[in-house]
Amino acid sequence: MSRRPHRWVRWPEPLTTENARGPLGFGADYNPDQWPREVWDEDVRLMRQAGVNIVSLGIFSWARLQPTAETWDFAWLDEVMDLLHAHGIAVDLATATASPPPWLSAAHPEILPVTRTGETMWPGARQHWRPTSPVFRQHALAVVEAIASRYAQHPALAAWHVSNELGCHNLYDYSEDAAAAFRTWLSQRYADLDGLNHAWGTAFWSQRYSEWDQVLPPRLTPTIPNPTHQLDFKRFSSDALKDYLRAEREILDRLTPDVPVTTNFMVMSHFNGIDYAGWADEVDFVSNDHYVLVDDRARDELSFSANLTGGIAGGDPWFLMEHSTSAVNWRAINPPKAEGALVRDSLTHVAHGADAVCFFQWRQSLAGAEKYHSAMVPHAGEDSDVYRTVVRLGGHLERLAPVVGSRRRQARAAILFDIESSWTLDLEANPSSSVSHRAEALDWYAAFLALGVRADVLPAGASLDGYDVVVTPVLHVLPAATADLLREVVDRGGHLITTYFSGVVDENNHVYAGGYPGALRDLLGIRIEEFGPLLDGDEVVLDDGSVGTLWTDRITAAPGTEILATYKTGLQAGRPAVTRRAIGDGSATYVSTRLGADGLEPLLARMLEAAGVDSELPEGLRGRVELAIRTDGEREYWFLVNRTDDVVGLGEPGDLGEPVFSSGADLGDAELAGSGVAVFTRAAR
Ligand code: GLA
Ligand code: GLA
């Protein structure tokens with residue numbers, strides 16, 4: 001499957017911006033079908049006032065568009081499309097298939113997903129459909145066909161929005177439809193049952209299959225289910241929805257070949273289900289939804305996810321389809337955003353390549369499951385701080401139009417994010433259930449931020465060309481071919497840094513024998529006989545004074561492998577904790593415990609110094625300000641995001657380039673407001 005070329009939003013003419021690629025997109029999910037007609041006029045007035053130029057329309061409108069199996073009602077949507085167009089607002093038109101109407105599930109209960117424990121997921125919320133249901137697909141594709149035919153020529157149509165957050169609630173379906181599709185998927189992956197029996201290690205616990213029909217989704221079992229069975233089911237579930245995405249897209253491609261197609265991904269820490277790196281090739285541009293955490297890692301996680309979205313998009317600009325102006329309503333407790341956070345969060349995404357900033361949703365609902373979720377126009381209405389901030393943000397985005405179309409400038413360091421390692425660590429019966437691929441990756445990312453050094457977050461499998469330092473946190477699943485790519489980095493003089501529990505299993509989740517970490521043992525010049533996970537709350541002290549949690553290893557270092565730190569306490573006292581093997585001009589470093597962002601900072605500083613990778617920020621800004629750089633080949637745009645709530649002095653104006661923009665403009669160009677964002681430009685290198 002070849003990658004679809006990057007195609008951006010098709011902005012309606014005339015473009016009211018100095019950038020030939022159009023404006024920065026600004027808008028929201030728009031749900032006019034929840035409101036009486038007179039509110040629509042008020043909506044477009046307020047949208048214009050705020051500078052909104054694009055909305056996602058009709059996401060949950062199936063029941064309104066097709067009230068019964070035989071009847072359609074497009075009149076209201078025609079009117080909304082025309083109204084938006086008349087006011088210069090483009091439409092990212094949804095295919096409306098996210099939430100099937102009651103008549104469909106009543107007539108065809110066989111579309112309803114089934115949980116691992118055999119319960120039906122009934123209608124009453126949304127996304128109550130099986131990804132592999134042929135009946136659902138037939139009805140949904142009829143809706144896509146009807147909408148695409150009707151609006152193919154509509155001048156407001158700027159992009160297609162396939163379904164919504166595919167797999168948010170229905171990713172894992174254990175129904176009979178899923179069982180049949182899973183078998184088909186498996187028979188394509190493994191030529192025959194021998195292949196499957198080998199991969200799944202079915203010699204263990206008498207699980208050998210002798211007929212394909214015996215193979216089921218991993219439904220509730222008496223004890224620990226087969227781990228490779230589960231890993232394959234995760235792969236399959238991600239692929240099944242990708243297949244569904246393609247089915248909708250093929251109709252759109254046929255009816256409107258000139259209109260780009262996207263669907264909103266969920267690259268954020270609280271969703272771990274889909275292999276988005278494998279989905280990026282299926283859309284014309286990547287879109288993402290992101291909701292900030294409410295803990296002390298929130299800012300770093302936001303930056304990490306935005307950065308990873310850019311990596312998944314291959315460095316191309318992407319579309320921030322949803323985030324929130326303030327509180328969400330799906331946590332137990334939902335505090336509002338602090339002052340400054342709305343603008344900072346939005347512009348952090350732009351810094352990492354977003355060319356559109358949109359929200360869920362335009363107008364806060366008065367009824368329904370999301371009535372306490374913030375919006376661009378809150379319950380309080382136009383006379384509110386949230387709406388005033390939205391208007392201010394619209395002005396900011398207008399001034400940032402010159403960045404549209406620019407790509408991220410490759411950093412010298414990369415951090416790999418590997419969804420399969422993340423999935424595998426989430427399974428049962430590992431040495432520690434507390435190990436998290438994402439948490440360790442975020443620790444390293446935060447250490448880079450603290451040092452003021454840019455690192456690109458890349459999906460595993462992305463090209464590592466040109467990176468001087470490659471960090472692979474808990475890269476647990478490591479196929480031999482990927483291990484070769486890491487070896488190549490070191491062979492060309494690059495520096496690999498990896499951690500505990502990496503390189504332990506292959507793509508079948510089988511352990512490499514002969515001592516851990518089998519796939520990296522020679523490269524790292526170490527051999528581990530036994531893992532030493534730590535109980536929650538336990539700590540070990542290293543001889544450099546740093547403190548480890550979560551994990552230790554019983555390591556023997558090969559001759560020539562340097563020992564950078566040794567355990568002083570715990571079961572491994574006296575043994576190596578951090579090792580480094582020099583190979584030509586390159587090196588391979590192993591960190592066997594969780595040091596946390598603070599503990600990693602001095603270690604990473606040493607590694608970066610050895611690799612000759614320095615911060616691009618003036619000294620006084622490092623750690624306090626995050627730097628992201630976009631470039632269009634001629635100009636570079638340096639985004640500075642204040643990581644603190646205090647004013648930060650930017651030093652000599654001119655050092656950073658010519659000022660383009662500052663969110664705290666009243667401070668001038670030499671100071672950055674707390675949580676503020678400033679952009680400077682200079683000629684590209
Ligand atoms: C997701 C969905 C939206 C809405 C928001 C609320 O992102 O796509 O429809 O439910 O969550 O946070
Ligand atoms: C029990 C079972 C064994 C094995 C061990 C593992 O004793 O009989 O088959 O699963 O537990 O602790």
Side-chain angles (χ1 to χ4, degrees), residues 27-34 55-63 92-100 124-129 161-171 201-207 221-227 241 245 262-274 276 286-294 298 302 305-306 309 319-337 341-342 345-346 349 354 356-365 367-379 386 428-431:
D29 287 8
Y30 181 39
N31 297 302
D33 36 339
Q34 293 177 14
V55 294
S56 293
L57 183 62
I59 293 174
F60 297 107
S61 299
W62 188 346
D92 168 49
L93 187 58
T95 56
T97 53
S99 190
R126 63 177 176 185
Q127 230 173 50
H128 42 282
W129 51 275
H161 182 295
V162 168
S163 192
N164 189 61
E165 290 192 341
L166 286 163
C168 185
H169 317 295
N170 62 348
L171 175 60
T202 57
F204 189 81
W205 282 354
S206 182
Q207 293 174 356
T221 48
T223 184
I224 307 161
N226 181 311
L241 280 164
L245 159 63
T262 194
T263 189
N264 41 349
F265 294 178
M266 293 170 278
V267 180
M268 52 182 150
S269 67
H270 31 287
F271 183 77
N272 199 36
I274 286 175
Y276 286 123
V286 165
S287 299
N288 198 47
D289 294 354
H290 185 271
Y291 289 91
V292 283
L293 301 175
V294 286
L302 163 65
S305 290
T309 306
F319 196 113
L320 177 65
M321 192 62 84
E322 293 179 22
H323 69 153
S324 68
T325 57
S326 191
V328 300
N329 74 322
W330 36 260
R331 294 192 174 96
I333 301 172
N334 300 289
K337 283 194 179 180
L342 195 172
D345 294 354
S346 296
H349 289 289
V357 171
C358 292
F359 296 90
F360 175 83
Q361 61 177 322
W362 165 249
R363 186 183 280 279
Q364 188 169 15
S365 305
E370 299 189 311
K371 62 182 179 295
Y372 294 119
H373 193 294
S374 60
M376 293 174 90
V377 182
H379 289 156
V386 166
E428 303 82 352
N430 285 315

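As the structure lists them, so they are numbered: ligands from 1, and atoms in each ligand from 1. As the structure is a prediction and not an experimental result, all values here were calculated from the model.
Residues H323 and F360 keep their aromatic ring centres 6.0 Å or farther apart. The aromatic ring centroids of W330 and H270 lie less than 6.0 Å from each other.
The protein residues lying under 4.0 angstrom from ligand 1, judged by non-hydrogen atoms, are F60, R126, N164, E165, D289, Y291, E322, W330, F360, E370, H373.
Using a 4.5 Å heavy-atom threshold, the side chains of F265 and F319 count as separate.
The two residues L166 and T263 make their nearest non-hydrogen contact at CD1-OG1, 3.9 Å.
Side-chain contact annotation: N264 with D289, donor-acceptor N/O pair under 3.5 Å present.
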- Task: Before giving the answer on side-chain hydrogen bond (donor to acceptor under 3.5 Å, both in side chains), spell out for S365 and Q34 the whole-Å C-alpha distance, their side-chain angles and the decisive distance to 0.1 Å.
- Result: CA-CA 8 Å; S365 305; Q34 293 177 14; 2.8 Å; yes
